[in-house]
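Because only heavy atoms are used, hydrogens play no part in the values below, and waters and symmetry mates are left out as well, while side chains stay in. Along the sequence shown, residues carry numbers from 1. Because the structure is predicted, anything quoted here is derived from the model rather than measured.
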Amino acid sequence: MPDYPGLITPVDHMEPVPRRIRATLGGRVVLDTTRAVYLWEFPPYPQFYIPAGDIDPEVLVDEDHVEKLRRGTARRVGLRVPGIGRAAAGRVYTEDSLPGLAGLARLDWGALDSWFEEDEEIFVHPRNPYARADALRSTRRVRVELEGLVLAESASPVMVFETGLPTRYYLNRTEVDFTHLRPSSTVTACPYKGRTTGYWSVEAGGTTHADLAWSYDFPLSALQPIAGLISFYNEKVDIRLDGVLLDRPSTAFG
């Protein structure tokens, strides 16, 4: 059993979204709704299902293709604005679907240029309303090692507790030994933290271990305490907390 809270929302669970949801394509708002629905396609997070009537009819293209899917029958749709076409961008469910799903469109996240909850842009996927991501300052001692090399050591970490993931330890840059770190061009995004501004690989034992550490210089407001700090993947390095070696967790990032 992991030593952090798991994700418990069942697959196909549906809930109303209390936030205004908008999305853009080619600089144009193509959907605007206060009637979106969360649907958990798998436990980590839901997807937005949008009433088809709240999508700009000049943009929505019925591709005249019917699909028999696990959640019911759906019509495949594309999106089109001047100069941009996105074929097979999603589907609209029909009456022959799970209760409450008829008339809702599931659009692929990447088919749109940007998504917004109210007036704040969101990244990667919708935020899970049953998940938390808290950044707490601490005076617990954290030591990060790889193959006997000490990469960082701190008595003033910021600990990020995110539902469904192991605790992440964010350390001041002055507490990180950059001797073995090499900058990487990798950029990732998180719906709770924002977009990374730095990634580092680690050279240890004659091997380059790709993308073990990262930083957010401009995190989203709720995670401001981690701004400019550096964290390492627990799954790929050895972390000692108050002198105790932690087990490497098994996650999708391992």
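- Applying the 6.0 Å contact sphere to CZ of Arg80 captures no more than 12 heavy atoms from other residues, nucleotides or ligands.
- With values rounded to the nearest 0.5 angstrom, Leu31 atom CG is found 8.0 Å from Asp54 atom CG.
- A donor-acceptor distance shorter than 3.5 angstrom exists from the side chain of Thr196 to the backbone of Thr188, with no hydrogens or angles considered.
- Summarising the geometry, atom CZ belonging to Phe253 is positioned 12.5 Å from atom OG belonging to Ser250; distances are rounded to the nearest 0.5 Å.
- Other residues, nucleotides and ligands place more than 12 heavy atoms under 6.0 Å from the CZ atom of Arg173.
- Distance CD1/Ile230 to CG/Leu171: 8.0 Å, rounded to 0.5 Å.
- Rounding to the nearest 0.5 Å gives a distance of 9.0 Å between CD1 of Ile226 and CH2 of Trp214.
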**OP:** Evaluate side-chain contact (heavy atoms from CB on, under 4.5 Å) for Asp211 paired with Lys236, printing each intermediate quantity in order.
**Re:** CA-CA 10 Å; Asp211 297 334; Lys236 302 177 182 180; 5.8 Å; no

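- Screening Arg127, Lys193, Arg168 for a salt bridge (charged side-chain N to carboxylate O under 4.0 Å, His left out) involving Glu162 leaves a single residue, Lys193.
- More than 12 heavy atoms of other residues, nucleotides or ligands shown are found within 6.0 angstrom of CZ on Phe178.
- A heavy-atom distance below 4.5 Å is not found between the side chains of Leu212 and Ser201.
- A 6.0 Å sphere centred on CD of Glu118 holds more than 12 heavy atoms belonging to other residues, nucleotides or ligands.
- Between Tyr170 and Tyr216, the angle of the ring planes lies from 30° to 60°, which puts this pair in the tilted group.
- Looking at Thr33 and Ile55, their side chains never come closer than 4.5 Å, going by heavy atoms from C-beta outward.
- Ion pairing between a basic and an acidic side chain is recognised when a charged N comes within 4.0 Å of a carboxylate O; Asp108 and Arg106 show such pairing.
- Between the side chain of Asp238 and the backbone N or O of Leu146, no donor-acceptor pair lies under 3.5 Å.
- Applying the 6.0 Å contact sphere to CG of Asp247 captures no more than 12 heavy atoms from other residues, nucleotides or ligands.
- Of the N and O atoms on the side chains of Tyr233 and Thr251, not one donor lies less than 3.5 Å from an acceptor on the other residue.
- Remark: Tyr38 engages no residue in a side-chain hydrogen bond (donor to acceptor under 3.5 Å, both in side chains) (not counting sequence neighbours).
- Val77 is connected to Phe48 through a chain of hydrophobic side-chain contacts under 4.5 Å among Ile, Leu, Val, Met, Phe, Trp and Tyr, so both are in one cluster.
- Taking 4.5 Å as the limit, some side-chain heavy atom of Val237 sits within range of a side-chain heavy atom of Ile239.
- Remark: Ser185 engages no residue in a side-chain hydrogen bond (donor to acceptor under 3.5 Å, both in side chains) (not counting sequence neighbours).
- Under the 30°/60° scheme for interplanar angles, the aromatic rings of Tyr192 and His125 are found to stand perpendicular.
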Original post:
Which is it for Leu60 and Leu79 under the side-chain contact (heavy atoms from CB on, under 4.5 Å) test, yes or no, and what are the steps along the way?
Top reply: CA-CA 5 Å; Leu60 194 63; Leu79 300 171; 4.0 Å; yes

Subject >> Worked verdict on Phe232 versus Val176 for side-chain contact (heavy atoms from CB on, under 4.5 Å) >> reply: CA-CA 10 Å; Phe232 293 81; Val176 176; 4.2 Å; yes

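- Of all non-hydrogen atoms in Arg28 and Pro82, the two that sit nearest each other are NH1-CD, 4.1 Å.
- Residues Phe123 and Gly194 come closest through the heavy atom pair CD1-CA, 4.3 Å.
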**OP:** Please test Leu241 against Thr167 for side-chain contact (heavy atoms from CB on, under 4.5 Å), starting from the C-alpha separation and ending with a verdict.
**Re:** CA-CA 11 Å; Leu241 181 63; Thr167 304; over 6 Å; no

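- At distances below 3.5 Å, at least one donor-acceptor pair connects side-chain atoms of Thr94 with backbone N or O atoms of Thr73.
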**OP:** Could you check Asp113 against Arg86 for salt bridge (Lys or Arg N to Asp or Glu O under 4.0 Å), going step by step and ending with a plain yes or no?
**Re:** CA-CA 11 Å; Asp113 293 338; Arg86 301 279 165 84; 3.6 Å; yes

**OP:** Report the C-alpha separation of Asp62 and Arg76 in whole Å, then their side-chain angles, then the decisive distance to 0.1 Å, and conclude whether the salt bridge (Lys or Arg N to Asp or Glu O under 4.0 Å) test is met.
**Re:** CA-CA 7 Å; Asp62 187 335; Arg76 197 174 68 193; over 6 Å; no

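- No option in Gln47, Glu15, Met14 other than Glu15 meets the side-chain contact (heavy atoms from CB on, under 4.5 Å) test with Trp40.
- In terms of modelled atom types and a separation under 3.5 Å, the side chain of Glu153 and the main chain of Glu175 share no donor-acceptor contact.
- When every heavy atom of Ala189 is checked against every heavy atom of Val124, the shortest pair comes out as O-CG2, 3.2 Å.
- Counted by atom type alone, Asp177 and Thr179 present one or more donor-acceptor pairs between their side chains at under 3.5 Å.
- Taking the charged nitrogens against the carboxylate oxygens, Arg70 and Asp12 do have a contact shorter than 4.0 Å, which makes a salt bridge.
- Side chains of Leu39 and Leu101 form a contact here, defined as non-hydrogen atoms less than 4.5 Å apart.
- Distance check: Glu121 CD to Arg195 CZ gives 7.0 Å after rounding to the nearest 0.5 Å.
- Atom OG of Ser154 sits about 6.0 Å away from atom CG of Asn172, to the nearest 0.5 Å.
- Listed here is the closest heavy atom pair of Ala74 and Leu69: CB-CD1, 4.1 Å.
- Closest of all the heavy-atom pairs between Tyr169 and Leu246 is OH-CD1, 3.6 Å.
- Taking all atoms of both residues into account, the shortest heavy-atom contact from Leu223 to Ala133 is CD2-O, 3.6 Å.
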